[in-house]
*Asks:* 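After the structure tokens below, expect a handful of questions from me.
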Amino acid sequence: MPELPEVETVVRTLAPRIEGRRILDVQFYSKQILRHCGAKPGALRDRRVVRVGRRGKFIVIDLDRGFLVIHLGMTGQILFDTPRTTHTRAIITLEGTSMMYEDSRMFGSIEWGERLTARVEKLGPEPFDISAADFHAELQRHRGPIKSLLLNQGFVRGVGNIYADEALFRAGIHPRTRASRIRRLRADRLHAEMQAILLAAIENRGSSVSDYRDAEGRKGEFQKLHRVYDREGQPCLVCGGPIRRIVLGGRGTHYCPRCQR
DNA sequence: GTTGTTACCTGTACGC
DNA sequence: TGCGTACAGGTAACAA
């Protein structure tokens, strides 16, 4: 499932392929992925791609007028010049290339307009842009479990289920811990581990746990370095005890009961 | 305002 | 082999 490192990898492989190119045609094969968009597809024609960037898990494509925003959801992929399949939800034809949006589960979305929508504007800061002091101060304002807070995109944007579990393990914090009860020293460590793991995952081109691929069709490598995620019952790489899985906020949550108290 | 729960959606794994 | 069921999770909507 694409989180910040996966989306960053897609952006890096996507940018050189479409920046500077003009959109010639747009075809959509699913209304489901357009649920956040009021504008008509024809409005994209003849717009030129200026820059490809990212806000959290959203791919933000700056056009010479307006924005095109893609969220990959759970199973979204961007591929180029491949044959249309049953999972092709959109084809954006640009000068010299065709960009295919593939999404089997259709949790993803494509939207565009003159300005960014509220759901993109209201995201919290990038995990690399928040200071340790502000991070700790923000924790003090929330009484819910720290795991749920890390997944809240209004708190920090881009952290998903995998990297929340991995960051909490590396910081030695139990996922059920109330955020407001985490003291400064621990908060600093979580802040540092969160940034470190995201950077390491970007270096490894993300984690391919389901069917994630970058825009060149390549898998990521970081899943080989997971310490708790999807390792239920396997020995902890630090203490040797079994990794446990619980459901927290409706999400599978992996942790080591000995290392995370 | 915050927190928790559920729906959306479909491929995959599993049990019978 | 084939069928039914549970599960995976990012976001939005809703309830408490």
Side-chain angles (χ1 to χ4, degrees), chain A residues 1-10 28-38 54-60 69-78 85-90 101-111 116-124 126-127 137-168 175-182 198 201 206-213 219-220 222-223 226 228-233 243-255:
Chain A
M1 58 279 335
E3 303 181 24
L4 187 154
E6 289 77 32
V7 177
E8 177 65 27
T9 305
V10 170
F28 288 97
Y29 305 103
S30 160
K31 284 185 179 168
Q32 173 74 19
I33 61 163
L34 301 177
R35 59 192 178 279
H36 300 287
C37 192
R54 178 187 61 73
R55 284 203 194 191
K57 302 173 193 171
F58 290 84
I59 298 167
V60 177
V69 177
I70 301 174
H71 195 294
L72 300 173
M74 287 282 296
T75 51
Q77 293 180 12
I78 293 172
T85 70
T86 52
H87 296 144
T88 304
R89 310 304 179 190
Y101 179 72
E102 306 277 326
D103 192 350
S104 61
R105 293 188 203 171
M106 290 194 288
F107 275 30
S109 64
I110 300 181
E111 60 195 51
L116 295 172
T117 53
R119 71 188 194 128
V120 180
E121 289 286 11
K122 73 180 184 188
L123 293 168
E126 285 287 320
E138 199 61 32
L139 292 190
Q140 302 310 297
R141 295 184 49 241
H142 295 270
R143 287 185 302 166
I146 181 63
K147 165 74 186 276
S148 301
L149 184 60
L150 289 175
L151 295 182
N152 180 348
Q153 301 299 296
F155 169 58
V156 284
R157 63 194 195 213
V159 177
N161 209 36
I162 296 172
Y163 300 106
D165 282 3
E166 293 294 328
L168 287 170
R176 277 200 213 277
T177 308
R178 290 184 181 277
S180 57
R181 298 194 63 177
I182 297 175
L198 292 170
S207 304
S208 289
V209 286
S210 57
D211 41 13
Y212 159 75
R213 297 281 192 287
K219 284 185 170 188
F222 196 71
Q223 67 279 6
H226 292 174
V228 286
Y229 183 81
D230 206 22
R231 293 194 66 243
E232 184 186 12
I243 299 299
R244 275 189 67 183
R245 182 182 180 279
I246 56 173
V247 175
L248 214 168
R251 294 290 165 257
T253 298
H254 310 77
Y255 72 104

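Chain identifiers are assigned alphabetically (A, B, ...) following the order of the sequence lines, protein sequences preceding nucleic acid strands; residue numbering begins at 1 within each chain.
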*Asks:* Which is more 5' along DNA chain B, the nucleotide nearest A:G144 or the one nearest A:G250? Just name the residue.
*Replies:*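 Final value for this comparison: A:G144.
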*Asks:* Is there a side-chain contact between A:H71 and the phosphate of C:dT11, meaning an N or O under 4.0 Å from OP1 or OP2?
*Replies:* yes
*Asks:* Could you state the CD1-C1' distance from A:I70 to C:dG10, rounded to the nearest angstrom?
*Replies:* 16 Å
*Asks:* Whole Å only: how far is the CG atom of A:L151 from the P atom of B:dT6?
*Replies:* 17 Å
*Asks:* In whole angstrom, what separates A:E3's CD from C:dG9's C1'?
*Replies:*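 In whole Å, C:dG9 C1' and A:E3 CD are 10 Å from each other.
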*Asks:* Check this for me, if you would: do A:E126 and A:R54 make a salt bridge, where the nitrogen-to-carboxylate-oxygen distance has to be below 4.0 angstrom?
*Replies:*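 Looking at A:R54 together with A:E126, the answer is yes, because their closest N to O distance falls below 4.0 Å.
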*Asks:* Contact between A:M106 and A:S30 at the side-chain level, heavy atoms closer than 4.5 Å - yes or no?
*Replies:* yes
*Asks:* Check A:E121 with A:R55, please: is the shortest side-chain N to carboxylate O separation under 4.0 Å?
*Replies:*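 Salt bridge: yes.
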*Asks:* Do A:R251 and C:dT11 share a donor-acceptor pair, side chain to base, under 3.5 Å?
*Replies:*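 A donor-acceptor contact between them is present.
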*Asks:* Of the nucleotides B:dT3, B:dG11, C:dG9, which has the atom closest to the A:S104 side chain?
*Replies:*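 Of the candidates, B:dG11 comes closest.
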*Asks:* Please verify the inter-ring angle class for A:F222 with A:Y163; under 30° counts as parallel, over 60° as perpendicular, anything in between as tilted.
*Replies:*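 Ring orientation of A:F222 relative to A:Y163: tilted.
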*Asks:* How many whole angstroms separate atom CZ of A:F155 from atom C1' of B:dG1?
*Replies:*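 Distance, rounded to whole Å: 16 Å.
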*Asks:* Report the nucleotide, chosen from B:dT3, B:dC8, C:dT11, that has the shortest atom-to-atom distance to any side-chain atom of A:Q153.
*Replies:* C:dT11
*Asks:* Which of these nucleotides, B:dT2, C:dG9, C:dT11, is closest to any side-chain atom of A:R119?
*Replies:*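 Side chain of A:R119 sits closest to C:dT11.
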*Asks:* Within the structure, does a side-chain N or O atom of A:R105 lie under 4.0 Å from either OP1 or OP2 of C:dG9?
*Replies:*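 For C:dG9, neither OP1 nor OP2 has a side-chain N or O of A:R105 closer than 4.0 Å.
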*Asks:* Nearest whole angstrom, please: distance from the C1' of C:dG9 to the CD1 of A:I246.
*Replies:* 16 Å
*Asks:* Consider the side chain of A:Y229, meaning its heavy atoms from C-beta on, and name the nucleotide among C:dT11, B:dC9, C:dG9 that approaches it most closely.
*Replies:*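 Nucleotide nearest to A:Y229's side chain: C:dG9.
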*Asks:* Nearest nucleotide by nearest heavy atom, which residue falls closer to the 5' end of DNA chain B, A:R178 or A:H87?
*Replies:* A:R178
*Asks:* Among A:E111, A:H71, A:Q153, which residue meets the side-chain hydrogen bond (donor to acceptor under 3.5 Å, both in side chains) test with A:R119?
*Replies:* A:E111
*Asks:* Could you tell me how far apart A:E138 (CD) and B:dG1 (C1') are, to the nearest whole angstrom?
*Replies:* 13 Å
